[in-house]
Amino acid sequence: MMTQRLALVTGGAGGIGTAICRQLAADGRRIVSTCVDPEAENIEAWVEALRSDGIEADWVQCDVSDHDACVRMAETVQERFGTVDILVNVAGITSDGFLHKMSADSWQKVIDINLSGVFNVTHQFVAGMRQQGFGRVVNISSVNGQSGQFGQTNYSAAKAGMHGFTMALAKEGAPKGVTANTVSPGYVKTSMTDAMPDKVREAIVSQIPAGDMGRPEDIARAVSFLTADEASYINGANLPVNGALFCSF
Ligand code: CAA
């Protein structure tokens, strides 16, 4: 019998992250999430909530923007759980503001967490994936990395950068059975979109052909598809999940 694959989800306790953890568990994966602040994220309650639904999930503390912390986190993961087969980079923040009003700190923070975080974490696990001849990396980007968005030069730049990272990694990993893909969510009901000004959110939702925001489960379904063992030939792709808000090929 094949051993259960190990999935590491960064920011797994967030809205989209939780749906991904639940979906991957339903797919038969073992689940470990990273968490930057166990208390603020109420991580033990998160573990309990999953456990009460029959899902065994664990967590490791890690600030994805800190490379040294990621090295230590990877050692802990290897020691406690084994080699990571599936990595889903979800951890991300927004710090919205027009560029002419944006502080350098706001720019740097978003780049450090959303883009450098993907490097810092993936850097730890890709050698192990190559060695075992199997790996799945999925980076959660955004429609706003494809189309740009008012007030998000930092976020749009980071999310667009993830696509370049993913395509390059796909070429490196393909000969070794390692795939790398992005999923680009549109507007999804989470605390991130809750924090938008009501007027702006309503204006955006009115432009979504599907008529409403997406659900975290919509994103999880795409991740499930891309992380399947059978998805070995889907590599370097971007899968938009945006209710037809932005269509491209
Ligand atoms: N489209 C068109 N016009 C817009 C706009 C938009 N998306 N956003 C702002 N504007 C316009 C406003 O209507 C306003 O116009 P008027 O001066 O003519 O009234 C002008 O720009 C200034 O807007 P604000 O008064 O809101 O200016 P502000 O400096 O207080 O805030 C802002 C600007 C930070 C961009 C704010 O509007 C905002 O937070 N917008 C939301 C940005 C956004 O979409 N974030 C997405 C978060 S969710 C996410 O990122 C998840 C994901 O991956 C999809």
Side-chain angles (χ1 to χ4, degrees), residues 9-21 23 34 36 41 64-65 88-119 121 137-167 180-223 226 237-248:
V9 180
T10 71
I16 289 179
T18 298
I20 290 171
C21 290
Q23 177 65 56
T34 70
V36 62
E41 290 173 54
V64 299
S65 68
V88 189
N89 287 301
V90 187
I93 61 161
T94 52
S95 182
D96 294 348
F98 280 108
L99 181 61
H100 59 276
K101 297 183 190 169
M102 187 179 287
S103 68
D105 184 55
S106 168
W107 168 267
Q108 202 57 52
K109 236 166 121 178
V110 169
I111 298 296
D112 286 350
I113 294 173
N114 294 16
L115 182 56
S116 299
V118 171
F119 164 77
V121 176
V137 178
V138 178
N139 297 319
I140 304 300
S141 181
S142 167
V143 64
N144 294 343
Q146 297 177 281
S147 65
Q149 171 62 336
F150 269 83
Q152 289 200 307
T153 47
N154 49 9
Y155 186 84
S156 298
K159 292 298 187 180
M162 284 167 74
H163 292 298
F165 176 92
T166 302
M167 292 187 289
N181 295 287
T182 51
V183 171
S184 290
Y187 285 79
V188 175
K189 287 190 183 85
T190 62
S191 55
M192 192 179 267
T193 49
D194 280 350
M196 292 169 67
D198 290 345
K199 223 177 82 185
V200 178
R201 190 179 47 249
E202 283 158 20
I204 290 171
V205 170
S206 73
Q207 290 163 17
I208 302 173
D212 203 352
M213 287 203 277
R215 299 162 307 136
E217 290 75 17
D218 297 322
I219 311 309
R221 185 157 292 283
V223 174
L226 292 171
N238 174 49
L239 181 44
V241 185
N242 64 32
L245 175 63
F246 178 76
C247 302
S248 65

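Counting convention: from 1, in listed order, for ligands and their atoms alike. By convention here, the first residue in the shown sequence is residue 1.
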Q. If you round to the nearest 0.5 Å, how far is NZ of Lys159 from CG of Leu115?
A. 9.5 Å
Q) Has ligand 1 got any nitrogen or oxygen that is less than 3.5 angstrom from a nitrogen or oxygen of Ser142? A) yes
Q | Any non-hydrogen protein atom less than 4.0 Å away from atom 30 (O) of ligand 1 | A | no
Q: Return a yes/no value: protein heavy atom under 4.0 Å from atom 39 (O) of ligand 1?
A: yes
Q: Report yes if Gln149 has an N/O atom closer than 3.5 Å to an N/O atom of ligand 1; otherwise report no.
A: yes
Q | Salt-bridge criterion met for Asp218 and Arg215 (N-O under 4.0 Å) | A | yes
Q: Report, in ascending order of atom number, the atoms of ligand 1 lying under 4.0 Å from any heavy atom of Met192.
A: 49 (C), 51 (C)
Q.
The test is side chain to side chain donor-acceptor pair (under 3.5 Å); show your working for Asn154 and Ser106 and say whether it passes.
A. CA-CA 8 Å; Asn154 49 9; Ser106 168; 3.3 Å; yes
Q. Under the criterion side chain to side chain donor-acceptor pair (under 3.5 Å), which of Thr182, Thr10, Thr166 is the partner of Asn139?
A. Thr166
Q) Heavy atoms of the protein only: does one fall short of 4.0 Å from atom 53 (O) of ligand 1? A) yes
Q. Can you tell which of Lys101, Met213, Gln152 gets a heavy atom nearest to atom 46 (C) of ligand 1?
A. Gln152
Q) For ligand 1, which atoms, with element, lie under 4.0 Å from some heavy atom of Pro197? A) 38 (C), 39 (O)
Q: Look up atom 44 (O) of ligand 1 and tell me if a protein heavy atom lies less than 4.0 Å from it?
A: yes
Q: Show which atoms of ligand 1 fall inside a sub-4.0 Å distance from at least one heavy-atom site of Gly97.
A: 34 (C)
**Q.** Over all atoms of both residues, closest heavy-atom pair of Val205 and Gly211
**A.** CG1-O, 4.1 Å
Q) Heavy atoms of the protein only: does one fall short of 4.0 Å from atom 12 (C) of ligand 1? A) no
Q: Output every pair passing salt bridge (charged side-chain N to carboxylate O under 4.0 Å, His left out) with a member in residues 196-211, not counting sequence neighbours, ordered by first then second residue.
A: Asp198-Arg201
Q. Hey, is Ile204 touching ligand 1 through its side chain, its backbone, both or neither, going by heavy atoms under 4.0 Å?
A. side chain
Q) Of the choices Phe98, Tyr187, Phe150, which has the non-hydrogen atom that lies closest to atom 33 (C) of ligand 1? A) Phe98
Q.
Using a 3.5 Å cut-off on N or O atoms only, is Ser141 in polar contact with ligand 1?
A. no
Q | Closest contact, heavy atoms only, Ala160 versus Gly145 | A | CB-O, 3.3 Å
Q.
Suppose I only count heavy atoms of Val200 and a 4.0 Å limit; which atoms of ligand 1 are within that range?
A. 37 (O), 40 (N), 41 (C)
Q: Around atom 35 (C) of ligand 1, find the nearest protein heavy atom and jot down its residue, atom name and distance.
A: Gly151 CA, 3.5 Å
**Q.** atom 16 (P) of ligand 1 protein-contacted (non-hydrogen atom, under 4.0 angstrom)
**A.** no
Q: Could you tell me whether Lys109 atom NZ has more than 12 heavy atoms of other residues or ligands within 6.0 Å of it?
A: no
Q: Measure across Gln146 and Asn242 and return the closest heavy-atom pair with its distance rounded to 0.1 Å.
A: OE1-ND2, 4.5 Å
**Q.** Pairwise distance CG(Leu239) to CG(Asn181) - rounded to 0.5 angstrom
**A.** 8.5 Å
Q. At what distance, to the nearest 0.5 angstrom, does CD of Gln149 lie from OH of Tyr187?
A. 3.5 Å
Q | Nearest atoms (heavy-atom pairs only) where Ser141 meets Ser184 | A | CB-OG, 3.7 Å
(Q) Under a 4.0 angstrom heavy-atom cut-off, which atoms of ligand 1 come close to Asn144? (A) 50 (O), 54 (C)
Q | ligand 1 atoms in contact with Thr94 (distance to a heavy atom under 4.0 Å) | A | 50 (O)
Q) Do you see a protein non-hydrogen atom under 4.0 Å from atom 50 (O) of ligand 1? A) yes
Q: Flag atom 3 (N) of ligand 1 as yes if some protein heavy-atom distance to it falls below 4.0 Å, otherwise no.
A: yes
Q: Without swapping roles, check the side chain of Ser142 against the backbone of Asn144 for a donor-acceptor pair under 3.5 Å.
A: yes
